[in-house]
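Each remark here refers to the structure printed beneath this line.
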There are 2 protein chains.
Amino acid sequence: MTKIIPFRNCDGCPIRHRAICATCDGDEFVQLEAMKYYRSYSAGQTIMWAGDRMEFVASVVAGTATIQHLVEDGRKQTVGLLLPSDFIGRPGREIALYDVTAVSDVTLCCFRRGEFEKLVTNTPHIAQRMLAMALDELDAARDWMFLLGRKTALERIASFLLLIQRRTVSTDGLVVPQPTPVSLPLTREAMSDYLGLTLETVSRQFSKLKADGIIEYASKREIIIPDVAALRNVAGEGAAY
Amino acid sequence: MTKIIPFRNCDGCPIRHRAICATCDGDEFVQLEAMKYYRSYSAGQTIMWAGDRMEFVASVVAGTATIQHLVEDGRKQTVGLLLPSDFIGRPGREIALYDVTAVSDVTLCCFRRGEFEKLVTNTPHIAQRMLAMALDELDAARDWMFLLGRKTALERIASFLLLIQRRTVSTDGLVVPQPTPVSLPLTREAMSDYLGLTLETVSRQFSKLKADGIIEYASKREIIIPDVAALRNVAGEGAAY
DNA sequence: CGTCAGGTTGATTAGGATCAACACAGGTGG
DNA sequence: CCACCTGTGTTGATCCTAATCAACCTGACG
C-alpha cells in the first residue's frame, strides 16, 4: 500500500510549483534543497503531538493528514486538512498546539526548524511566500468557521465534497471528463471530526445525497458527481465559476 | 460618545508596542509613520464590504470591529473579532472576502495598500511581523473552530467571556484588583453571530451563568467574574495559567 | 410620553446526537 | 478453505440541545 516516492531531488517533485518552494529563486532554492529530507508515515500514525517540541517544519508531498484539537473528555475537532503542497508547522513556535495525524500514507519534505527559521529571516522571498500561504489558510479557516457555525449537516457534506473535488482536480493537473470520480481521503469518522458532526450523521447525509441523485458511489470511498452545479447548490455556495 | 484621539503621531499611541509596528527598527518605523493616516468610524458603520476593492490596510487603534461572512439567505457568522492592535486587510489581495463592521466607535491607523505592500516586500522585519501575526490569528481561528464545532452553548459563552477578559486586562496594562469588571464590546446579537448561536440562546446562557453565580452583572453590558477559575472550568478550558 | 433598540423569558419544534443493531470487506490463523 | 475478527459503514429508535416563534421588559432618547 505504501507508495514509494520515485525521486530524490526536487526535479519532478509533484508539489514543486505549489508548495513553499514555488516562488524561490535559484539561490534560495538551492539552500532549501540542500537542507531538505524526506520522512514517511503510514496511515494512522501521529506526525506531531500537541505539546511536543517541533523538530521540523515540512511540506506534504503525498498523502493526507489532519490537524486536530482534542480534549480530555474525548471531544475532537479537525481544524485543518493537509493535502499535498500544504505546509506543516510554523517558524517561531517551538511547541505544537495541535496534533497532526496521517490519515493515509504520507510523505513529507522536512526542514529542520532552526535552519528553516534562519532562512525565513534571511530570504525575503520565503518569508513572503510563507505569509501568502498563512493568509490563504486563514481565509480557509474563516470559511470553515462559517460552515461550522451556520451550515446544516447536508450543506457541510456537500461543501466538503466540493472542497475535495476542487483540490483533487487541481492536484491531478489537466481537465478531466466531466463526471469525475472523486476519491475521499477520509473515513466517515474523520469527516465527522472535520465537519463538526457525528459519523452517523455523515453517513445519513451521504445516503440522502445519493437518494437525491446528487452523488453516486463508485465505491464507498469514491463518489461521482454527475452535476457539480447541483452539488454546489446543495452546499449553499453561490453559482460561482 | 465618540472618543477623540488625543495624538497625531506614534508617541503615546496606545497600540505602539503590540501592533504591526511593534518590532520595526528606526528606519522602518519612520517609513510607516510617514505613510499612516487615521480614520474613524462610528458604531454600526461598515468599514469594508466583501467584494470591494481594498484601498488600505490598517491597525485598530481603538474600538471593536467584526469580520463577518454573510450569505443571501440571511445567515451570518462573525469569523474574526478585531480589537485594538489587530490588523485589517492583507497585502497581496485586492478584493475583500468579508465584511468588516465597526461595533463600537472605531479608530484605525491606515496605510495605503500599494505603499504598504512595497514596504512588506522591501523590509524583512515587517514581513516577518506580518507572518507572526497571521499565524497567531490562524491559531485563534482554529481554536474558534473547535468552539463552533464541539462546544455547548454554555461553554461558548464562558469561552467568549474569558477571551474578552484576557484581551481587556492585557490592553489596559497593569494588574487590577481580582474581581475585575469586564465590559462587553458586543450586543447579545453580535455575540450570537460570533458564537454560532441565536441571540435568545446567548441571553439564556448569560442568565444561567448569573444564576449559578459564575458571573454578576455590573450592568447589562458589564460583568464581574468573581472566580476566573470557575468560569474557566465552565468553558471547558484546562486550569491553564 | 412614545418609540425603539436591546434584552429576557416562555412554549414549542426540529435537527442532529446518542444508543443500538446489523452489514460488509479484508485479513489472519487454524 | 473456512471461521473468525476487526474496522468501516449503514440504518433505526429515541432523546436533547438549541432554534424558532412569541410576548414582554427596560432604558435611552427625541
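A note on names: the letters A, B, ... follow the listed sequences, proteins ahead of strands, and every chain is numbered from 1. Keep in mind it's a predicted model, so treat the numbers as computed, not measured.
The nucleotide whose nearest atom lies closest to any side-chain atom of A:S203 is, among D:dT10, D:dA19, C:dA17, D:dT10. Here the side chain of A:R204 is nearest to one of C:dT18, D:dT10, D:dA19, namely C:dT18.
Scanning all heavy atoms of the two residues, the minimum distance from B:L162 to B:V228 falls at CD2-CG1, 3.9 Å.
Using a cut-off of 4.0 Å between Lys/Arg side-chain N and Asp/Glu carboxylate O, A:R75 and B:E155 are scored as salt-bridged. Note on B:D193 versus B:R188: no salt bridge recorded, every NZ/NE/NH1/NH2 to OD/OE distance being 4.0 Å or above. Ion pairing between a basic and an acidic side chain is recognised when a charged N comes within 4.0 Å of a carboxylate O; B:D86 and B:R167 show such pairing.
Non-hydrogen atoms lying under 4.0 Å from DNA chain D are contributed by B:G196, B:L197, B:T198, B:E200, all within residues 186-200 of chain B. Annotation: proximity of residues 146-163 of chain A to DNA chain D (heavy atom, distance under 4.0 Å) is found for no residue.
An OP1 or OP2 oxygen of D:dT10 is reached within less than 4.0 angstrom by no side-chain nitrogen or oxygen of A:S207.
Between B:Y38 and B:L108, the closest side-chain pair of non-hydrogen atoms is not below 4.5 Å.
In this structure, the side chain of A:R156 engages the main chain of A:L195 through a donor-acceptor pair within 3.5 Å.
The separation between A:K208 atom NZ and D:dG12 atom C1' is 17 Å, rounded to whole Å. A:L209 places its CG atom 16 Å from the C1' atom of D:dT11, with the value rounded to the nearest Å. The OH atom of A:Y217 sits 14 Å away from the C1' atom of C:dC24 (whole-angstrom rounding). Whole-Å rounding puts the A:Q205 CD to D:dG9 P distance at 16 Å. Taking atom CZ of residue B:R221 and atom P of nucleotide C:dG6, one finds them 8 Å apart after rounding to whole Å.
For B:D227, the salt bridge (charged side-chain N to carboxylate O under 4.0 Å, His left out) test picks out no residue, with sequence neighbours left out.
Classified by interplanar angle (parallel below 30°, tilted 30° to 60°, perpendicular above 60°), the ring pair A:W144/A:Y194 is parallel.
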> Does the salt bridge (charged side-chain N to carboxylate O under 4.0 Å, His left out) test come out yes or no for B:D99 and B:K76, once each step is laid out?
Replying inline: CA-CA 11 Å; B:D99 298 311; B:K76 190 196 300 184; over 6 Å; no
Please tabulate, one pair per line, all N/O donor-acceptor pairs under 3.5 Å involving side-chain atoms of residues 196-203 of chain A, not counting sequence neighbours.
from	atom 1	to	atom 2	distance (Å)
A:T198	OG1	A:T201	N	3.3
A:T198	OG1	A:T201	OG1	3.0

> Along nucleotides 24-30 of chain D, 5' to 3', which nucleotides get a B, which get an S, and which get a -, given that the test is a protein heavy-atom distance under 4.0 Å?
Replying inline: -------
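Pairs of residues two or more places apart, or lying in two chains, never qualify as ring-ring contact (aromatic ring centres under 6.0 Å, His included) while including a residue from residues 41-60 of chain B.
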